[in-house]
Undergrad: 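Mind looking over this structure? Questions follow.
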There are 2 protein chains.
Amino acid sequence: MTGGPLRLYELPLSGNCWKIRLCLAERGLPYERVTIRDPERTFADAAFRRLSPLGRVPVLVCPDGTALWESGAILTWLAENTPLLPRDATRRAQVMAWLFWEQADLSPALALPRFFRRNGTEKANAERMRALQEKGRACLEFLDTYLSRQDYLCGAAYTLADLACHVYVMLSPEGGQDLAPFPAVRAWLERIAARQAWEPLLPAG
Amino acid sequence: MTGGPLRLYELPLSGNCWKIRLCLAERGLPYERVTIRDPERTFADAAFRRLSPLGRVPVLVCPDGTALWESGAILTWLAENTPLLPRDATRRAQVMAWLFWEQADLSPALALPRFFRRNGTEKANAERMRALQEKGRACLEFLDTYLSRQDYLCGAAYTLADLACHVYVMLSPEGGQDLAPFPAVRAWLERIAARQAWEPLLPAG
């Protein structure tokens with residue numbers, strides 16, 4: 001991971017891209033940020049598809065030209081050999097469990113309602129919204145129970161599990177979730193946002 | 001990973017549990033198979049919830065009592081230090097990308113229609129079914145393009161990416177997917193099923 005800057009292709013409002021920026025900040029790694037302004041055109045473009053076969057972001061391009069896709073894979077690549085991703089096999093599997101759960105369960109339940117609201121298709125997806133909101137509340141309840149017993153998802157220390165899971169939780173009020181009933185989740189979000197490397201999704205102002 | 005048998009809690013028809021059995025077979029590891037016969041009761045049971053906080057399978061219990069959950073996390077734990085999960089950081093990230101994609105995109109699109117059909121709720125979920133079938137076809141098209149250029153998802157060698165991704169593809173006709181238009185996918189499934197360690201979801205007969 002030496003020899004030139006990393007290049008991150010991203011969208012400003014994407015939670016999955018935010019995770020990569022937060023992980024780069026935790027690592028203190030410099031990178032070139034390529035913000036895509038016309039996603040529809042770019043995602044269909046053949047040159048972009050050579051970097052991102054699924055035509056989406058985030059994509060992280062290494063100095064040697066290798067392109068990494070899928071936020072979870074990029075995060076584990078960035079976190080390797082750091083305390084964010086423990087070397088011990090069992091502790092590592094526990095971090096990985098949260099990463100997979102986040103992508104398969106938590107993120108669809110929280111990110112899609114936010115997406116429907118932001119792009120004005122909330123009414124067209126009313127039934128789907130209700131089902132997702134309910135699933136989202138169940139996920140938040142699960143997190144709240146867990147976090148009422150320990151400061152971070154894998155125990156006393158912040159890991160990649162927290163980095164990956166807190167993003168769509170923090171954004172979930174934009175999709176209509178109320179975090180008031182989840183005090184342990186709110187305290188966890190505050191602990192994470194107080195980290196030196198943490199930065200907001202968008203610059204202030 | 002020594003000192004006693006591993007214990008796998010599973011359901012006979014679950015694709016995610018099948019993946020773990022296939023990975024255990026690839027590793028040649030002995031294990032105790034605990035088949036859950038009354039999932040509704042077991043998944044709500046407090047003792048089971050101590051093993052599986054989300055109340056689902058697969059769960060793999062280690063000889064020291066540590067319980068691992070989320071199929072992707074269990075697979076990476078089992079595959080560590082084997083050719084299934086390359087040590088090289090870039091190649092590892094490529095395997096991981098397929099694992100995350102499988103859980104977030106491929107598996108919901110292929111496994112849910114199969115689930116609706118098997119439990120007789122296909123009609124009640126008609127609209128959802130149609131959307132999922134379409135998404136499933138797009139995933140299969142994506143796989144077919146990839147596999148028309150190389151034998152396995154990460155190149156010339158079978159890895160955890162193939163192990164994880166082939167399961168719900170192989171089961172997808174049970175959810176109404178037609179694999180006829182995807183010759184490279186079908187050839188890939190045949191290559192995988194010819195592996196010495198491969199075993200069918202259910203015993204023959």
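Residue numbering restarts at 1 for every chain, and letters A, B, ... go by the order of the sequence lines.
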Undergrad: Counting only heavy atoms from other residues, nucleotides and ligands, does the tally under 6.0 Å from CZ of B/Phe43 exceed 12?
TA: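 Atom CZ in B/Phe43 is packed in, count exceeds 12.
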Undergrad: Are A/Trp198 and A/Trp18 near enough that their ring centres are under 6.0 Å apart?
TA: yes
Undergrad: Please look at B/Ile74 and chain A and tell me whether the side chain, the backbone, both or neither of the residue comes under 4.5 angstrom of a heavy atom of that chain.
TA: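 B/Ile74 has no heavy atom closer than 4.5 Å to chain A.
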Undergrad: At a 4.5 Å cut-off on heavy atoms, which part of B/Arg91 comes close to chain A: side chain, backbone, both, or neither?
TA: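 Contact with chain A: none, neither part.
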Undergrad: Restricting to side-chain contact (heavy atoms from CB on, under 4.5 Å), what partner residues turn up for B/Arg114, sequence neighbours left out?
TA: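 Listed in chain order: B/Leu13, B/Arg118, B/Tyr168, B/Leu171, B/Glu174, B/Leu201.
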Undergrad: Measure the acute angle between the ring planes of B/Tyr152 and B/Tyr158, then classify it against the limits of 30° and 60° as parallel, tilted or perpendicular.
TA: perpendicular
Undergrad: Identify which part of B/Asp105 has an atom lying under 4.5 Å from any heavy atom of chain A, answering side chain, backbone, both or neither.
TA: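 Contact with chain A involves the side chain of B/Asp105 alone.
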Undergrad: Do the side chains of B/Val169 and B/Trp188 get nearer than 4.5 Å, heavy atoms only?
TA: yes
Undergrad: If you count heavy-atom pairs under 4.5 Å with chain B, which of A/Cys62, A/Gly72, A/Ala104 comes out on top?
TA: A/Gly72
Undergrad: Is B/Thr90 in contact with chain A via its backbone, its side chain, both, or neither, using a 4.5 Å heavy-atom distance?
TA: both
Undergrad: Only heavy atoms, only distances under 4.5 angstrom. Which residues in residues 96-103 of chain B are near chain A?
TA: B/Met96, B/Ala97, B/Trp98, B/Leu99, B/Phe100, B/Trp101, B/Gln103
Undergrad: Hey, are the side chains of A/Ser71 and A/Pro58 touching, using non-hydrogen atoms and a 4.5 Å cut-off?
TA: yes
Undergrad: Is any side-chain heavy atom of A/Trp77 less than 4.5 Å from a side-chain heavy atom of A/Leu60?
TA: yes
Undergrad: State whether a side-chain donor-acceptor pair under 3.5 Å links B/Thr121 with B/Asn119.
TA: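 Checked: B/Thr121/B/Asn119 side chains pair up, N/O donor to acceptor below 3.5 Å.
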Undergrad: Highest number of heavy-atom pairs under 4.5 Å with chain A: which of B/Ala89, B/Ser107, B/Ala138?
TA: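 Of B/Ala89, B/Ser107, B/Ala138, B/Ala89 has the most heavy-atom pairs under 4.5 Å with chain A.
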Undergrad: Considering only heavy atoms, which portion of A/Arg56 lies under 4.5 Å from any heavy atom of chain B: side chain, backbone, both, or neither?
TA: side chain
Undergrad: Could A/Arg92 and A/Glu80 be called an ion pair, given the rule that one side-chain N must be under 4.0 Å from one carboxylate O?
TA: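 The answer is yes: the pair qualifies as a salt bridge.
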